[in-house]
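Down below is the structure, laid out as structure tokens.
Per chain, numbering begins at 1; letters A, B, ... match sequence-line order.
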Amino acid sequence: MSAEPAFEVEPAAAALELRDVEIVYRVRGRDREVVRGVTLTIEKQGSYGLVGESGCGKSTAALSIVRYLPRNGRVTKGSITVAGRNVLKLRGEALRRYRRDAVSMVYQNPGSALNPALRVGRQVAEVFALRGAGRGEARERSLAALREVNIADPSSVLRRYPHQLSGGMQQRVIIAMALATNPELLILDEPTTGLDATVEAEVLELISELQERHSTAVMFISHNLGLIRKMCERTGVLYAGELVEEGPTEEILQNPRHPYTVGLLRCIPRGGLRKDRGKLDTIPGFLPPIGADLPACVYVHRCALAQDICREQKPEDQRVGATHTSRCHFHEIAQQLPRSTDPTPVDTTGIDRLAIPLLQVDDLTKTFRQDGNDIKALAGVSAKLWPGETLGLVGESGSGKTTFARTLLGIVEPTSGTVEVDGQLMAPGLGDRSASDVAALQIVFQNPDSALNRRHTVRRMLKRTLGKLANVGGGEAERRAEELVESVRLPERALSTRPTGLSGGQKQRVAIARAFAGNPRLVVCDEPTSALDVSVQAAILNLLVDLQHGMGTSYVFISHDLGVVRYLSDRIAVLYLGRLMELGPAETVFSPPHHPYTEALLSAVPTIEGEQRVRIDLEGDIPSAADPPTGCVFHTRCPRFLGAICVEEEPPLAEVEPEHFMRCHIPIDELRQLQATAPPAVTRPTVEV
Amino acid sequence: MPVVVEGAPPLSPKPLDTPQRVRRETLRLILRSPTFILGAIVTLFWVACAFAGLEIAPYHPIDESFGFSYESPSWNHPFGLDRVGRDILSRVIVGARSVIEVAPAASLLGVTLGSFLGLVMGYFSGLVDNIIGRVIDAVLAVPFIVFGILLLTALAGGTSQDGISVSSLKLVIVIGLAFMPIVARTVRSAVLVERDLDYVQAAKLRGERPPYIMLVEILPNVMGPIVVEVTIRLGYAVFAFATLAFLGYGPQPPSPDWGSQIAEQYADISLAWWAIVFPALAIASLVVAINLIADTVQQVLDQ
């Protein structure tokens with residue numbers, strides 16, 4: 001069917017072989033090494049995970065395989081072979097055919113991978129037209145490709161523009177396009193990072209299904225070890241451009257033999273770890289900056305096992321299993337890596353829930369008006385929070401988490417309902433609140449890059465905030481600024497630095513220091529660690545726990561990472577379409593019986609332990625808040641759907657156990673029984689509404 | 001026994017990309033760029049002429065005692081003589097002064113006013129933005145020349161035979177005002193991006209007032225586009241000044257000025273091309289040189 005010759009492959013060869021690949025970027029006139037001597041093989045139809053902190057060279061390696069390095073990047077050494085062909089030698093037409101036939105790549109942000117000005121149909125059809133299909137044939141095959149990625153109504157999707165599709169749907173279209181040509185190798189660069197856990201789970205399942213059907217080899221780039229566990233047979237751990245450990249995924253996670261891997265695994269709050277059971281371990285220090293002169297062992301600066309030999313002699317790849325290597329002199333004792341933090345848990349028994357709540361929210365409602373529609377972002381949320389306590393907020397995007405937080409702060413004025421702090425009614429809008437009320441509620445934003453003014457020094461930010469919120473100035477402000485910087489474990493010289501001189505984690509520490517400058521009663525943490533690497537995340541979580549313990553501050557903690565929420569929260573609120581679906585102590589919410597929505601959320605998260613769990617399929621996307629379903633708003637996707645009552649009547653938020661509230665028609669005991677035994681029905685009775 | 005390493009993590013071990021270093025390397029890139037060097041040399045030459053024209057020029061620019069009208073270029077007078085027998089080379093050299101006096105001040109004024117307007121539009125957006133935006137659209141619909149002449153006529157003191165005598169200050173004001181709307185638009189779009197960043201929220205969350213947020217928080221972050229705007233407007237200001245001078249709104253004869261020299265003699269171009277071409281080349285060279293600098297600055301700031 002192809003009008004021109006296809007890219008020739010050797011049928012028996014491995015899908016991908018990197019041999020001693022070195023890549024440099026030329027920045028401001030100097031070559032900077034990004035990938036140093038990486039050697040790896042992906043077998044035919046194999047799946048390989050590449051993990052490591054940001055800046056360690058994962059994406060650069062992937063781009064070199066598809067020959068899409070930025071202009072200033074080039075491969076200076078080694079060879080890259082895809083299906084037996086050296087791709088570094090390809091030029092012109094041959095390179096184009098290689099990209100067309102042999103390799104596909106899926107990027108992190110599906111929104112920017114599709115052309116916003118063209119209809120989806122035209123973009124999908126292009127893939128087939130490139131291979132010589134006529135107009136009608138291309139359309140037929142586009143429809144088939146979309147059906148293959150479980151898009152229920154492909155012809156309507158083809159007619160739409162990319163922005164009219166949800167993120168999950170866009171990513172499915174891209175996967176359909178990537179696999180349409182039966183490539184030898186599919187590279188996925190953080191394909192689900194921007195998606196909700198429920199959608200991520202579906203997309204991942206789809207990828208493994210299609211991989212099998214198309215007999216494609218997959219390279220998976222991710223920072224999420226749980227996801228790598230689920231998707232990949234083999235894993236390579238990249239650090240500062242070197243592959244420091246490589247082997248079967250199972251072995252790497254169960255029996256890591258490089259101190260970096262050991263450290264990474266210890267940073268992650270998992271297995272139900274909570275702040276009152278132990279602190280997280282962290283990896284001290286920093287990834288060496290790109291282009292730095294590296295010591296013999298690239299990890300030596302951050303390794304608690306390092307000896308003189310590590311500084312003098314470059315470690316070889318040591319065979320530690322049948323197909324498992326570690327580039328460490330001390331791989332035998334890697335797992336005895338000393339902790340870098342004190343593991344003593346914090347004492348959380350001091351919370352007095354009989355006292356006056358620190359925060360009391362009553363029937364908070366926010367309706368936005370958009371294009372003539374009323375969008376109910378919050379529909380009657382009531383909650384209480386006591387001093388020194390953390391309330392975790394979970395839910396998919398669009399569930400109202402952020403609106404809730406912003407309404408508390410007064411950035412968004414509620415349509416109705418009240419916010420009380422220490423029994424005092426807060427003015428609805430920020431502009432009407434007194435200075436002390438403003439100081440009482442502060443926030444730590446998700447993205448530290450955008451939260452700090454890049455033109456101001458840390459000293460200036462902190463002193464200005466101290467002046468405004470704590471009413472101190474001059475020498476006293478300087479002293480307090482030094483204290484603040486010390487309390488977030490930054491060196492004093494950080495005060496004279498601008499944000500550009502700080503790493504992501506350090507910036508977030510500054511943002512935390514700023515939030516604490518006015519001695520707040522409550523700090524909203526809006527996904528404070530989602531933009532950070534896991535090792536940095538662990539340090540920030542520990543810091544938040546310590547600060548709370550020392551100052552008795554309360555947190556409203558928003559995160560899509562359920563492991564993180566569970567680690568930090570005393571109580572958890574589950575939101576769906578602006579409504580509170582479940583509210584209760586963290587452990588109660590995380591152990592059965594759950595609300596069916598919570599159950600589905602929990603089942604969607606891939607874990608490092610890899611325990612067998614039946615994933616509950618949530619059908620479709622979260623409905624539009626402009627037109628929420630009748631009755632129980634979750635009934636359209638509920639895996640434990642009862643029948644007419646769910647469609648007709650909204651269940652109340654009832655206290656099903658002491659302190660445990662739930663909005664569901666199914667009695668708690670029945671839920672307990674259901675969730676202990678049977679996974680929910682995969683196909684549910686359809687009810688026409 | 002586990003070793004516990006607590007306490008402050010070090011700042012990045014050996015920072016390679018410290019702001020100072022980035023600045024130094026960026027500066028080196030600018031200074032080595034051939035377009036920048038060429039632009040800078042030409043611009044500096046004209047600036048030197050503006051300040052020390054009378055010393056550099058071989059003759060006095062209004063001395064009419066050399067010979068006949070329109071004598072062609074010769075060793076003594078490389079650019080020839082003009083209608084009344086003045087040395088054109090000297091008039092071109094000294095003529096730089098009037099442009100250099102007006103153009104930079106006008107572009108600074110225009111960018112300053114435009115930046116404030118842009119800050120207000122971008123920060124408040126909504127109704128304020130809409131009203132100012134429509135006014136700007138209306139102003140921009142009027143061609144610059146019409147706008148300039150109307151304003152200058154209104155501002156002008158007395159009239160002379162050939163044109164309207166206007167002081168440099170008035171020219172600065174008129175050109176500055178003419179540039180204000182377009183600068184406001186550029187700055188507004190930069191402010192719209194910044195305004196949505198969390199640091200602006202953070203400032204509101206410590207009770208800052210809008211003027212503080214606009215001037216202290218946002219303004220430093222949009223200086224990049226503003227600096228680029230200053231250099232681009234400078235080129236346009238040279239051109240705008242020459243145009244107005246050509247039309248008679250500017251330095252009056254016999255004082256040397258590029259625009260008015262062309263105006264005085266363009267009817268005789270078939271007789272003496274040199275009287276027109278050299279002042280015209282002077283204008284072109286300065287505009288092109290400034291644009292070369294502007295391009296480099298823009299490229300480097302975009303990186």
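- Using a 4.5 Å heavy-atom threshold, the side chains of B/K204 and A/L409 count as separate.
- For B/R32, no part sits under 4.5 Å from any heavy atom of chain A, backbone or side chain.
- Remark: B/F116 CZ is loosely packed, at most 12 non-hydrogen atoms of other residues, nucleotides or ligands lying under 6.0 Å away.
- The environment of OH in B/Y236 is sparse: at most 12 heavy-atom neighbours from other residues, nucleotides or ligands sit within 6.0 Å.
- A 6.0 Å sphere centred on CD of A/E492 holds no more than 12 heavy atoms belonging to other residues, nucleotides or ligands.
- With values rounded to the nearest 0.5 angstrom, A/I411 atom CD1 is found 4.5 Å from B/L205 atom CG.
- In the model, A/N447 has no side-chain atom that pairs as donor or acceptor with a side-chain atom of B/D198 under 3.5 Å.
- The environment of A/F330 atom CZ is dense: over 12 non-hydrogen atoms of other residues, nucleotides or ligands sit within 6.0 angstrom.
- Proximity to chain B is absent for every atom of A/A435, based on heavy atoms less than 4.5 angstrom apart.
- Nearest heavy-atom pair, B/P220 versus A/H456, reported as atom, atom and distance to 0.1 Å: CG-NE2, 4.5 Å.
- B/A202 and A/A451 make their closest contact through CB-O, 4.4 Å (heavy atoms, listed as atom of the first residue, atom of the second, distance).
- For a residue to count as touching a neighbouring chain, one of its non-hydrogen atoms must lie under 4.5 Å from one of that chain's; by this rule B/V216 touches chain A with backbone and side chain alike.
- Only the side chain of A/R406 comes within less than 4.5 Å of a heavy atom of chain B; its backbone N, CA, C and O stay farther away.
- Around CD of A/E486, the count of heavy atoms belonging to other residues, nucleotides or ligands within 6.0 Å does not exceed 12.
- In this structure, OG1 in A/T465 is found 4.5 Å from CZ in B/R206, a value given to the nearest 0.5 Å.
- Of all heavy-atom pairs between B/G207 and A/K468, the closest is O-NZ, 3.6 Å.
- Using a 4.5 Å cut-off on side-chain heavy atoms (C-beta onward), B/Y199 and A/R454 make contact.
- A salt bridge is defined here as a Lys NZ or Arg NE, NH1 or NH2 lying under 4.0 Å from an Asp or Glu carboxylate O, and B/E217 with A/R464 fails to meet this definition.
- Counting heavy-atom neighbours within 6.0 Å of B/Y212 OH, excluding the residue itself, gives a total above 12.
- Remark: A/N471 CG is loosely packed, at most 12 non-hydrogen atoms of other residues, nucleotides or ligands lying under 6.0 Å away.
- Proximity to chain B (any heavy atom under 4.5 Å) is shown, for A/R302, by neither the backbone nor the side chain.
- With rounding to the nearest 0.5 angstrom, the CG atom of A/N453 is 8.0 Å from the CD atom of B/E194.
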